[in-house]
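Can you keep this structure in mind? I'll have questions shortly.
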Number of protein chains: 2
Amino acid sequence: MQISLVDHFSRYVTISDADIEIINKYIKRNTFNKKEELLRNGQVCKSLYFVEQGCLRMFYINSKSTEQITQFALDGWWMADFFSFMDQLESEYFIQAVEASKVVTIEFQSFEVLLKEVPQLERYFRIIMQKKIAASQLRMKYLYEMSKEEFYYHFVNSFPEFVQRVPQYMIASYLGLTPEYVSELRKKNQ
Amino acid sequence: MQISLVDHFSRYVTISDADIEIINKYIKRNTFNKKEELLRNGQVCKSLYFVEQGCLRMFYINSKSTEQITQFALDGWWMADFFSFMDQLESEYFIQAVEASKVVTIEFQSFEVLLKEVPQLERYFRIIMQKKIAASQLRMKYLYEMSKEEFYYHFVNSFPEFVQRVPQYMIASYLGLTPEYVSELRKKNQ
DNA sequence: TTGTTTTATTAAACCAGTTTAATTTTTTTG
DNA sequence: CAAAAAAATTAAACTGGTTTAATAAAACAA
């Protein structure tokens, strides 16, 4: 369900044709193959990424040397390591395409200039960030409230498209479960 | 360590004396006694709260009928149920003063008008929200990575002021531990 | 300064979810 | 298509943290 960045802007603020020309100066459009890396551990997160189509995941290598997924982004979602991006510090994360993906890239400097030249975008990003906070507050509430079994079924019922598009072990990782436990749950509830 | 709202704005954007006059039209300053409620379960979160001095906590009543704390705010922090605030929906949370607190209140309608009249504040809130997201990404990483014992000691070492100001059972609740387990940890490491 | 309420401690029984290690199934690739 | 790599399953032993229930200590209010 592809979505263009400008359409997404237009859901929240008014964008003129002149604005679109400016925007196009400061963004890049890339396609990434399955498993291609957008960011690697040790690099600075130089860009914000907007998924027009596809799926990205963010993960780090934990103390057991396994990949711990902390975020996904599907069509119409933003992804970045904000901690690294904001202060241009080294990131501890990888960002990788889960499937072939069309991505809009805004680099740090371009982002700053773009916000000056198209000031409505300050409002757009303020609203988007606010929604991200609301979503993460809700997610934390579920984490406090639910057992891991409930958390798993709540997720797959709420986001059935993930089950279609993302391998089970990645969902397990994102939800903080072992893949073995997910197998056990699926067997139990066939 | 009191901090005024306008000083906080000024850390991120330029605020003129004229702006300050406008701001003062749209904000309210309140003091709350210990245990006084700013928001109650079932009400709409009508305002954003900025703590100039003191401490607020946000919690809900969980399925075991006990208070589950999900957030604190100390001097210089914002607090709101963004989910309820943004769409003016009923909240499931309580917000309560942990100690006597000086709070700046911005109501939903005032917030919208204020952002129009002092447009730099779009930028301020965009940056603040971005920082909140970065902080919550970091918190999630710790949640994935650490055992509950590590999580507890990491928190008390990172935020020693909380241990001074907030009862131990509230910290336990916020960290998702039972108070009994915190006692056990403290005994073990005397 | 005493009685009441709130907060913290103790200890034993318990269990939800992990670990380990092996096997099977599915997907990818040359 | 066959071989290799990636993903999913199975089952048993194990453990970090919870539950329960009772007591003790600290803080607060009259």
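Just the heavy atoms: all of them, side chains too, but no hydrogens, waters or symmetry mates, feed the values below. Below, read A as the first sequence line, B as the second, and so on, with proteins coming before strands; counting in each chain starts at 1.
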task = Taking atom types as modelled, find out whether Ser16(A) and Asp19(A) have a side-chain donor-acceptor pair closer than 3.5 angstrom.
result =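 Judged by distance alone, the side chains do pair up.
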
Expected rows: protein N/O vs nucleotides 25-30 of chain D N/O, under 3.5 Å:
unit_1, atom_1, unit_2, atom_2, d
dC28(D), OP1, Lys34(B), NZ, 3.3

inquiry  = Using whole Å, what does the distance between atom C1' of nucleotide dG17(D) and atom CZ of Phe151(B) come to?
reply    =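 Computing the Phe151(B):CZ to dG17(D):C1' distance gives 15 Å.
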
Heavy-atom closest contact (Met79(B) atom, Leu56(B) atom, distance) =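 Smallest interatomic distance, heavy atoms only, reads SD-CB, 4.0 Å.
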
Those residues of residues 174-188 of chain B lying under 4.0 Å from DNA chain C by at least one heavy atom =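 Contacting residues: Glu180(B), Ser183(B), Arg186(B), Lys187(B).
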
query = Which nucleotide span of DNA chain C, 5' end to 3' end, has atoms closer than 4.0 Å to non-hydrogen atoms of chain B?
reply =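 Nucleotide range in contact with chain B: dT7(C) to dA11(C).
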
ask   = Under a 4.5 Å cut-off applied to non-hydrogen side-chain atoms, are Asp81(A) and Met58(A) in contact?
value =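 Side-chain contact under 4.5 Å: yes.
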
key: Residue pair Ala80(B) / Ser47(B): nearest heavy atoms and the distance that separates them   =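 Where Ala80(B) meets Ser47(B) most closely, the heavy atoms are CB-O, 4.1 Å.
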
Check: Tyr169(A) main-chain N/O paired with Ser173(A) side-chain donor or acceptor under 3.5 Å =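 No; judged by distance alone, with no hydrogens or angles, the pair does not exist.
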
query = Any chance the rings of Trp77(B) and Phe72(B) have centres within less than 6.0 Å?
reply =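 No, ring centres 6.0 Å or more apart.
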
query = Between Tyr174(A) and Phe155(A), is the ring centre distance below 6.0 Å?
reply =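 Yes, ring centres under 6.0 Å apart.
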
request  = May I ask you to decide whether Glu112(A) forms a salt bridge with Arg123(B), counting only side-chain N to carboxylate O separations under 4.0 Å?
outcome  =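 Arg123(B) and Glu112(A): salt-bridged.
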
